Amino acid sequence: MVPESHVGSKLRDLKRRLKQENPVLEHVVDSFRELDRISRRLGLLDRNESHADRTSWWPLISVLGVYSSGKSSFINHFLGYRLQDTGNQAVDDKFTVICFTDEKNVRVLPGLALDADPRFPFFRVSRAIDEAAQGEGRRIDAYLQLKTCPSEKLRGKILIDSPGFDADAQRTSTLRITDHIIDLSDLVLVFFDARHPESGSMHDTLEHLVRRSIGRRDSNKFLYVLNQIDATAQEDNTEEVFASWQRALAQSGLTAGSCYSLYIPELAVPIADSATRARYEGKRDANLRAIGQRIEQVRVERAYRIVGMLEQTAHMLESEVVPKLQRFLADWRRQTLWLDGAVFGGLLALFLVLTLYGGYWDGLFLRLPLWTHLSGYPVIQSILLGLLAIGAGYIHFAVRRWSADRAVRRMASDPRLNDFLPNYLRALRKNSRWFRSIFRRNPAGWNRRTARSLIKVAEDSQGYVQKLNDMYANPSGEIPAPLTSTLNCPQPAERSSF
Ligand SMILES: Nc1nc2c(ncn2[C@@H]2O[C@H](COP(=O)(O)OP(=O)(O)OP(=O)(O)O)[C@@H](O)[C@H]2O)c(=O)[nH]1
Ligand SMILES: [Mg+2]
């Protein structure tokens with residue numbers, strides 16, 4: 001029996017985990033497996049690669065921001081689980097990636113577990129850290145840890161808790177990880193502390209996180225949260241605190257975004273006045289709900305995105321990859337035939353000229369003295385003919401290889417192939433192996449059966465979209481629009497009021 005490849009066991013594990021979290025995506029894994037099989041036959045992927053690696057299967061929600069602002073408390077509240085330590089001193093000194101487990105207990109694994117596993121968003125992050133700060137990549141465990149938690153709220157998503165933002169104390173490597181997290185996240189919650197609106201950490205957060213979020217194409221994935229707003233209940237000056245926070249955001253250049261003010265229910269200082277309490281609680285619950293819905297929405301969007309990627313990949317294989325490989329084969333064939341013609345034609349012409357010049361022709365008969373001498377030795381004659389054929393074969397294969405290299409170089413200079421280039425090159429090598437005839441019009445591994453499988457994958461992906469619609473679409477048949485209930489951020493694109 002052939003041992004199961006690294007990819008095989010990875011996809012099996014992925015499927016097992018998705019089975020608990022999203023049954024539609026569980027079947028999508030099978031379709032990705034089929035695409036991998038086709039791509040491997042085409043020579044695009046090797047045994048250890050999978051199209052499934054090109055996407056993160058879980059939506060990533062990261063919580064960043066000011067230290068002691070309640071990032072970990074928010075995560076604990078959201079999960080309904082006392083997972084993260086909290087406290088008034090700086091508590092978290094590393095990033096914690098939190099994902100679902102069906103085991104009863106929480107597990108804490110070192111950063112290495114994340115660095116080495118392509119299913120997680122930190123796969124090979126140590127290399128990126130090394131680029132930012134040499135030698136630090138080895139200390140990956142000092143920056144990252146993985147926690148698994150059985151909270152139902154975590155199904156189908158990954159949360160990231162982070163150390164409080166403090167640019168002075170932080171090394172370039174931490175900033176590098178922060179940037180990496182922001183790039184990968186589907187949703188970024190940036191936390192501020194209503195108790196200390198002017199802290200240094202607030203300043204750093206504004207400088208690094210808010211300023212950088214501005215002008216990004218995905219800037220709507222940032223939610224700004226002013227936490228611990230219960231601290232304003234005593235003086236009942238929420239509006240003032242909120243407005244000054246927004247001014248600080250505006251001064252950092254933020255002109256649009258979703259802003260929320262919150263407090264964590266179980267941690268709040270009790271609010272004595274019942275009317276004030278009711279007002280605070282009503283707004284807090286609305287905002288917690290809004291953030292919760294936004295998180296849920298991200299999960300839905302991610303499921304559609306993965307199915308979309310499946311269809312796109314199937315489409316790309318059929319309408320881009322196969323035609324490109326066919327073009328390569330045609331190029332290679334044409335070039336080889338031309339060159340073969342030129343080289344052998346030239347040699348033949350040279351032979352004719354030399355023999356004519358030497359007077360070896362008797363009418364239409366060539367009489368080479370050497371050949372005539374050997375007429376009594378048919379074995380030697382055969383050996384000579386054999387050597388001649390080997391020489392011709394050698395030239396032909398050299399010509400084939402040269403033409404293939406040229407066609408490969410031409411393809412390699414195509415900037416549109418960018419990160420798919422190594423895959424193309426691998427397929428080209430497979431297609432131009434010595435035993436493959438140059439007269440084949442279809443690429444290696446491409447036949448009616450593979451074409452049918454590809455059509456089936458595309459059809460299946462439409463089926464998955466329908467299933468997702470059945471799961472998530474509301475009765476009017478619409479996919480829920482991104483939730484836009486927000487507070488009055490400066491000139492907000494999306495707004496509500498507290
Ligand atoms: N009154 C009140 N206290 C809160 C609230 N949220 C958090 N706290 C308290 O604030 C302190 C800091 O909370 P953490 O959750 O540890 O804050 P953090 O942002 O994770 O802090 P670091 O990990 O150190 O950056 C803890 O003592 C919490 O109990 C809130 O909404 N209201
Ligand atoms: Mg914390």
Side-chain angles (χ1 to χ4, degrees), residues 61-98 106 108 111 142-147 149 151 159-171 174-175 177-178 181 188-197 199-206 208-210 223-238 241-242 245 259-273 276-277 279-292 487 498:
I61 298 127
S62 53
V63 184
L64 305 170
V66 176
Y67 68 82
S68 287
S69 55
K71 301 180 293 298
S72 305
S73 305
F74 172 80
I75 287 179
N76 288 349
H77 173 79
F78 175 77
L79 297 178
Y81 215 94
R82 269 207 58 84
L83 182 75
Q84 291 290 79
D85 289 337
T86 60
N88 248 329
Q89 254 69 52
V91 175
D92 284 295
D93 60 354
K94 56 178 87 160
F95 294 88
T96 308
V97 176
I98 305 164
V106 167
V108 185
Y143 295 101
L144 287 175
Q145 64 179 354
L146 170 65
K147 274 192 188 177
C149 165
S151 165
L159 292 186
I160 298 183
D161 192 7
S162 60
F165 208 81
D166 182 354
D168 288 343
Q170 270 162 5
R171 301 155 199 260
T174 310
L175 295 180
I177 299 182
T178 307
I181 290 176
V188 181
L189 308 183
V190 185
F191 264 61
F192 291 85
D193 187 344
R195 297 170 305 170
H196 307 292
S199 68
S201 179
M202 159 121 180
H203 182 257
D204 291 339
T205 304
L206 287 172
H208 194 88
L209 297 183
V210 178
L223 306 186
Y224 303 93
V225 177
L226 185 61
N227 190 36
Q228 312 213 19
I229 200 82
D230 57 303
T232 66
Q234 189 103 36
E235 296 179 35
D236 200 5
N237 62 345
T238 305
V241 172
F242 195 75
W245 175 58
C259 305
Y260 301 83
S261 61
L262 282 187
Y263 60 92
I264 311 297
E266 56 275 14
L267 301 179
V269 187
I271 303 173
D273 181 66
T276 314
R277 190 169 60 240
R279 190 154 46 84
Y280 269 72
E281 282 176 358
K283 289 163 186 171
R284 172 202 72 196
D285 291 344
N287 283 337
L288 277 172
R289 226 177 6 258
I291 294 177
L487 293 174
F498 189 74

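FYI, the numbering just counts along the sequence from 1. Each ligand, and each atom within it, is numbered from 1 in the order the structure gives. These numbers come from a predicted model, not from an experiment.
At under 3.5 Å, a nitrogen or oxygen of G164, whether backbone or side chain, sits near a nitrogen or oxygen of ligand 1. When only interatomic distances are considered, the shortest N/O to N/O separation between S69 and ligand 1 falls below 3.5 Å. On a distance-only criterion, L262 and ligand 1 share no N/O pair closer than 3.5 Å. No N or O atom of D161 sits closer than 3.5 Å to an N or O atom of ligand 1. On a distance-only criterion, D85 and ligand 1 share no N/O pair closer than 3.5 Å. The shortest N or O to N or O distance between Y67 and ligand 1 is not below 3.5 Å. Residue Q228 has at least one nitrogen or oxygen atom sitting less than 3.5 Å from a nitrogen or oxygen atom of ligand 1, judged on distance alone. Distances between N or O atoms of G87 and those of ligand 1 include at least one value under 3.5 Å. Among the atoms of S162, none of the N or O lies under 3.5 angstrom from an N or O of ligand 1.
The shortest heavy-atom contact between S162 and G65 is OG-N, 4.4 Å. For the residue pair T232 and Y280, the shortest heavy atom distance occurs at OG1-OH, 2.8 Å. N287 and S261 get closest at one heavy-atom pair: ND2-O, 3.0 Å. Pairing each heavy atom of K71 with each of V66, the nearest pair is NZ-O, 2.8 Å. Of all heavy-atom pairs between G164 and Y67, the closest is CA-CB, 3.3 Å. Shortest non-hydrogen contact noted between S68 and G87 is OG-O, 3.7 Å.
Residue I160 is tested with V188, I177, I75, I181 for a side chain to side chain contact (heavy atoms under 4.5 Å, CB included); the sole match is I181.
At the top of the distance list for atom 21 (O) of ligand 1, counting protein heavy atoms only, stands S68 N, 3.0 Å. Protein heavy atom closest to atom 24 (O) of ligand 1, with residue, atom name and distance, is V91 N, 2.6 Å. Among protein heavy atoms, atom 17 (O) of ligand 1 sits closest to G70 N, 3.1 Å. With hydrogens left out, the protein atom closest to atom 18 (P) of ligand 1 is K71 N, 3.5 Å, a heavy atom. Ranking the protein heavy atoms by distance from atom 29 (O) of ligand 1 puts L267 CD1, 3.6 Å first. Looking from atom 13 (O) of ligand 1 to the surrounding protein, the closest heavy atom is S73 OG, 3.4 Å. The protein atom (non-hydrogen) at minimum distance from atom 31 (O) of ligand 1 is I264 N, 2.7 Å. Closest protein heavy atom to atom 23 (O) of ligand 1: D92 OD2, 2.9 Å.
By the salt bridge (charged side-chain N to carboxylate O under 4.0 Å, His left out) test, D193 pairs with R195, sequence neighbours left out. Qualifying salt bridge (charged side-chain N to carboxylate O under 4.0 Å, His left out) partners for D85, counting only residues two or more places apart in sequence or in other chains: none. Residues meeting the ring pair (Phe, Tyr, Trp, His ring centres under 6.0 Å) test with F192, sequence neighbours left out: W245.
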Next on the checklist: Between H77 and L288, does the side chain to side chain contact (heavy atoms under 4.5 Å, CB included) criterion hold? Intermediate values first, please.
Outcome noted: CA-CA 10 Å; H77 173 79; L288 277 172; 3.8 Å; yes

Next on the checklist: Let's go through Y260 and K283 carefully: what are the C-alpha distance in whole Å and the side-chain angles of both, what is the deciding distance for side chain to side chain contact (heavy atoms under 4.5 Å, CB included) to 0.1 Å, and is it a yes or a no?
Outcome noted: CA-CA 10 Å; Y260 301 83; K283 289 163 186 171; over 6 Å; no

Next on the checklist: Please evaluate residues F95 and T178 with respect to the criterion side chain to side chain contact (heavy atoms under 4.5 Å, CB included), reporting the C-alpha separation (whole Å), side-chain torsions for both, the decisive distance (0.1 Å), and the verdict.
Outcome noted: CA-CA 9 Å; F95 294 88; T178 307; 3.5 Å; yes

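Interface atoms of ligand 1 facing T86, defined by a heavy-atom separation under 4.0 Å, are 14 (P), 15 (O), 16 (O). Each of the following atoms of ligand 1 lies closer than 4.0 Å to a heavy atom of N88: 11 (C), 27 (O). Each of the atoms 31 (O) of ligand 1 lies under 4.0 Å from some heavy atom of Y263.
A salt bridge is defined here as a Lys NZ or Arg NE, NH1 or NH2 lying under 4.0 Å from an Asp or Glu carboxylate O, and D236 with R279 meets this definition.
Take a cut-off of 2.8 Å around the Mg ion (ligand 2): the protein N, O or S atoms inside it are S72 OG, D92 OD2.
Contact annotation: for N76 versus ligand 1, there are no heavy atoms closer than 4.0 Å. The side chain of D230, and not its backbone, has at least one atom closer than 4.0 Å to an atom of ligand 1 (non-hydrogen atoms only; side chain from C-beta on).
Remark: the Q84 side chain and the K147 side chain contain an N/O donor-acceptor pair separated by less than 3.5 Å. Defined by atom type and a distance below 3.5 Å, a donor-acceptor pair is missing between the side-chain atoms of S72 and T86.
Between I291 and F74 the shortest side-chain heavy-atom distance falls below 4.5 Å.
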